[in-house]
Protein chains: 2
Amino acid sequence: MEICPKCSTNHFVIRAGMIRGKVRYQCKSCQVHFTQEQSAKPIPQKQIHTTIKDIANIMGVSIATVSRALNNKPDISPKTREAIQKLALELDYNPNLFAKGFQRGETKTIGVVIPNIKRPFFAGVLSGIQEVANERGYRVMICQSNESYEAEISNIQGLLASHVDGLLISHSKETTRFNQIKNLFEKGLPMVHFDRICTEVDTPKIRQEDFEGAFQLVEHLIQQGYQRIAILAGPPELLISQKRKEGYLHALEKYGLVIQKDYMVHGDFSKEFALASLDKWLQLPEPPDAIFAIHYLNAVEIIQYAKKLGIAIPKQLGIVGFGDEYLAEIVDPPLTVFHLFPQKVGEIAAGLLFDVISSKDSTRQADVLVQGQLIIRKSSLKKA
Amino acid sequence: MEICPKCSTNHFVIRAGMIRGKVRYQCKSCQVHFTQEQSAKPIPQKQIHTTIKDIANIMGVSIATVSRALNNKPDISPKTREAIQKLALELDYNPNLFAKGFQRGETKTIGVVIPNIKRPFFAGVLSGIQEVANERGYRVMICQSNESYEAEISNIQGLLASHVDGLLISHSKETTRFNQIKNLFEKGLPMVHFDRICTEVDTPKIRQEDFEGAFQLVEHLIQQGYQRIAILAGPPELLISQKRKEGYLHALEKYGLVIQKDYMVHGDFSKEFALASLDKWLQLPEPPDAIFAIHYLNAVEIIQYAKKLGIAIPKQLGIVGFGDEYLAEIVDPPLTVFHLFPQKVGEIAAGLLFDVISSKDSTRQADVLVQGQLIIRKSSLKKA
DNA sequence: TGCGTCTCCGTAAACGATACCGATAGGTTT
DNA sequence: AAACCTATCGGTATCGTTTACGGAGACGCA
């Protein structure tokens with residue numbers, strides 16, 4: 001019979017059932033319940049991280065003292081401080097940032113939601129974000145929506161569960177409902193939009209010269225003598241798509257060119273759509289003599305396809321695009337583009353987010369326009 | 001005079017100095033010390049996250065019950081469980097994954113260290129990693145070393161401080177010392193190497209067909225009738241550089257071609273070095289008639305430069321490279337490459353890491369070879 | 001000697017979630 | 001009716017770190 005842990009006798013101990021696989025007993029004299037089990041001792045694990053408790057034990061001081069020493073806080077003698085710091089170095093102590101963040105209610109981590117890492121533009125943005133985040137001692141958690149609304153929502157949920165201190169978002173092209181985002185914003189989660197922004201929420205936004213760039217590109221085409229300029233736009237819901245189209249229209253108007261519906265199409269950025277659009281244009285009684293593709297990849301694809309069709313670029317057909325990836329220089333003929341500076345976009349977005357985080361004023365409005373640059377190459381030089 | 005919080009009188013209270021900006025008192029009757037300050041109440045903050053405590057308070061149950069309900073644990077009545085789950089949904093409760101991880105000693109986060117996000121290969125790998133991690137409910141933290149050893153170390157330190165559950169590493173080209181890595185590995189941190197692997201530590205490794213791919217590329221050149229094949233390799237310390245060169249040498253040997261030292265150079269992947277190498281080769285009494293650049297960008301750069309010099313590709317000079325980025329197709333003439341599958345590399349690396357994490361057996365050896373594919377394009381078709 | 005002040009350090013309470021231990025109200029068996 | 005059993009809940013330690021608070025001396029000055 002088992003011995004009661006309270007009265008240390010076994011005269012009145014009775015079996016009292018099973019609980020979670022263990023035998024349960026009750027002492028009828030002191031009314032105490034207890035369980036018994038002969039399980040093996042827990043296996044001692046190898047230790048990856050040293051904790052302040054380890055250091056405290058070795059030094060024979062309290063954990064508070066260790067914490068004070070390692071954080072250069074006052075109320076500690078220089079001698080103790082140095083001894084502790086030396087030991088910490090020897091044990092290569094690394095503070096558990098999660099525990100620290102947990103305690104402070106912050107994680108020193110920001111979340112980034114983008115459509116796709118593999119796209120050079122977003123890779124550049126990420127690089128800029130990382131750089132700024134590193135300087136500020138923040139870590140970055142990246143999620144891809146793959147242009148799916150559901151994935152975007154689930155990514156945001158995940159980041160939220162990780163208690164990120166802030167969010168940088170560029171929406172998927174599917175995203176048209178923003179109640180989730182709005183909700184979070186109103187709860188006070190620091191948040192900044194970039195590139196694919198959302199106008200329904202008053203977050204700080206990083207926009208690019210979509211209108212201005214489109215205008216400059218089309219103006220350049222007109223100045224080169226092109227008369228019938230077509231635009232291959234993206235999904236009409238996308239704001240960048242709208243803005244770039246507006247810039248296109250504005251240039252046409254300013255120079256008194258006819259605006260022709262046949263010359264304006266909205267696609268999904270796919271190669272198939274781009275090529276089909278070119279086919280359709282070529283079958284018009286008056287085919288365009290220049291094409292402005294708002295996505296640089298489409299521009300490149302059209303160049304390749306036009307060459308295959310025996311169309312002379314830029315003589316017969318001028319082509320311009322958005323975004324100066326390495327490709328633009330390489331294609332033959334090299335592509336005239338309006339260069340966005342993705343790295344800079346990332347840096348500014350991250351900087352703005354940290355401003356919001358540190359100011360605790362999430363309602364701060366800001367609308368930054370990142371300047372781009374017109375880079376003229378052969379694909380649009382009709383006169384040369 | 002102040003009132004003693006213990007004996008509730010103020011007859012024996014004396015001023016006892018200043019401490020941390022507050023006035024300090026001592027009650028001479030009960031010997032108790034206390035401080036006084038008239039600071040404003042803390043500002044109540046808007047609450048972003050609901051906790052189980054909030055739910056417990058509203059429901060009038062204990063936090064333990066809430067935890068049981070939300071985790072579908074036994075020992076709870078269906079009625080209570082459903083009521084709690086319903087409330088949690090209404091408050092859109094999100095468990096604090098950091099707190100959970102903190103308690104469990106795991107973070108459900110893995111760290112990735114790569115040289116550069118902007119390189120398409122690594123972007124592809126990341127994409128693969130993310131996909132697998134998402135499936136497994138893990139989050140990913142990404143760091144760039146920018147090819148700097150110090151940055152790499154500091155990144156690893158940071159990830160370690162974040163207590164990641166595992167590490168995926170592709171080393172910088174500067175990295176030649178691995179004691180840090182070895183140390184962590186021996187402490188039992190799950191770790192997997194990919195691409196730029198490290199042979200000094202017995203981690204699982206994902207390698208690619210560097211040797212095989214190089215062999216196939218050079219073999220293809222030889223079969224096309226090229227006789228004097230040069231190689232533009234990377235830093236000699238880099239394993240992929242060595243492996244690809246070995247493949248090159250093996251092909252030359254197999255087909256009985258002369259191995260000429262002038263035809264083999266080690267660079268730093270920079271454009272300047274690539275172009276200078278071509279210049280140097282062209283000044284040889286017998287310039288090479290084909291070039292194998294182990295970095296696809298160098299291959300593209302050489303094509304561009306050779307065209308500018310009036311060299312006919314592939315008639316006069318054949319060119320092949322490694323890695324089938326979008327560029328390879330676009331450049332004129334299109335580039336023959338050995339395609340690595342970055343996404344697959346990422347998926348396999350992540351999968352292997354999770355195996356190690358879940359098996360708790362960090363010493364598990366594994367060496368996976370991800371198959372590539374020879375893609376023949378015009379840049380090497382001398383016979384056509 | 002007695003009071004005031006300062007240095008240095010330990011104690012303990014958070015932070016959110018989990019898991020173990022125990023308690024209680026019922027029901028069932030012997 | 002005593003003994004036994006079970007379902008369902010509460011209480012609390014725990015993870016690593018920070019920090020408010022208080023205690024024990026030491027020191028200085030009248």
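Numbers restart at 1 for each chain; the letters A, B, ... are given by sequence-line order, proteins then strands.
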Problem set entry | Rounded interatomic separation in angstrom, taking CG from B:L70 and C1' from C:dA17 | 10 Å
Problem set entry | Minimum-distance nucleotide (side-chain atoms of B:T80 versus D:dC9, C:dA17, D:dT17) | D:dC9
Problem set entry | Atom pair distance, as rounded to whole Å: CE in A:M59 and C1' in C:dG10 | 15 Å
For this session: Name the residue closer to the 5' end of DNA chain C, choosing between B:A99 and B:A64 according to the nucleotide with the nearest heavy atom.
Result: B:A99
For this session: Assert yes or no for the condition that the ring centre distance of A:F98 to B:F102 is strictly below 6.0 Å.
Result: no
Problem set entry | Phosphate OP1/OP2 of C:dG16: any B:Y93 side-chain N/O under 4.0 Å | no
For this session: Measure the distance from CD1 on A:I55 to P on D:dG16 and round it to the nearest whole Å.
Result: 12 Å
Exercise. Hey, is the side chain of A:T65 poking within less than 4.0 Å of OP1 or OP2 on C:dC9, counting only N and O atoms?
Worked result: no
For this session: Just call it for B:I52: base, sugar-phosphate, or nothing, with non-hydrogen atoms closer than 4.0 Å on any strand.
Result: base
For this session: Nearest whole angstrom, please: distance from the P of C:dA17 to the NZ of B:K53.
Result: 10 Å
For this session: Using a strict 4.0 Å threshold on nitrogen-to-oxygen distance, state whether B:D92 and A:K187 make a salt bridge.
Result: yes
Exercise. Which nucleotide sits closest to the side chain of B:S62: C:dT18, D:dG11, C:dG16?
Worked result: D:dG11
Problem set entry | Selected nucleotide, minimal atom distance to A:K100 side chain, candidates D:dG16, C:dC8, D:dT18 | D:dT18
Exercise. Does A:N71 place a side-chain N or O at less than 4.0 Å from the phosphate oxygens OP1/OP2 of D:dT18?
Worked result: yes
For this session: Can you tell me the distance, in whole Å, between the CG atom of B:N57 and the P atom of C:dG16?
Result: 12 Å
Problem set entry | Check: A:L126 and A:I114 side chains under 4.5 Å, non-hydrogen atoms | yes
For this session: Would you mind telling me which residue lines up with the more 5' stretch of DNA chain D, B:H163 or B:I76, judged by nearest nucleotide?
Result: B:I76
For this session: Output yes when at least one side-chain N/O atom of B:S67 is less than 4.0 Å from OP1 or OP2 of C:dT18, else no.
Result: yes
Problem set entry | Of the listed nucleotides C:dA19, D:dT18, D:dG16, the one nearest the side chain of A:I63 | D:dT18
Exercise. To the nearest angstrom, how far is B:E82 atom CD from D:dT8 atom C1'?
Worked result: 15 Å
Exercise. Hey, does B:P95 reach any base, or is it just sugar-phosphate, or nothing, if we go heavy atoms under 4.0 Å?
Worked result: sugar-phosphate
Problem set entry | Minimum-distance nucleotide to B:Q103 side chain [options: C:dC9, C:dT18, D:dC9] | C:dT18
Problem set entry | Euclidean distance, atom NZ of residue B:K73 to atom P of C:dC20 [Å, nearest integer] | 9 Å
Exercise. Of the candidate nucleotides D:dT8, D:dT18, D:dG16, which contains the atom at the shortest distance from the side chain of B:P78?
Worked result: D:dT8
For this session: Take atom CZ of B:F98 and atom C1' of D:dT14, then tell me their distance rounded to the nearest Å.
Result: 19 Å
For this session: Look at all strands and tell whether B:V66 reaches a base, only sugar-phosphate, or nothing, counting heavy atoms closer than 4.0 Å.
Result: nothing
For this session: Please lay out, stage by stage, how A:T175 and A:S172 fare under the test side chain to side chain donor-acceptor pair (under 3.5 Å).
Result: CA-CA 5 Å; A:T175 309; A:S172 88; 2.8 Å; yes
For this session: Would you mind classifying the nucleic acid contact of A:S77 as base, sugar-phosphate or nothing, using non-hydrogen atoms under 4.0 angstrom?
Result: sugar-phosphate
For this session: Specify whether B:F354 and B:Y138 have parallel, tilted or perpendicular ring planes, treating 30° as the upper limit for parallel and 60° as the lower limit for perpendicular.
Result: tilted
For this session: Look at the side chain of B:Q144 and the backbone N and O of B:I117, then say whether any donor-acceptor pair between them is shorter than 3.5 Å.
Result: yes
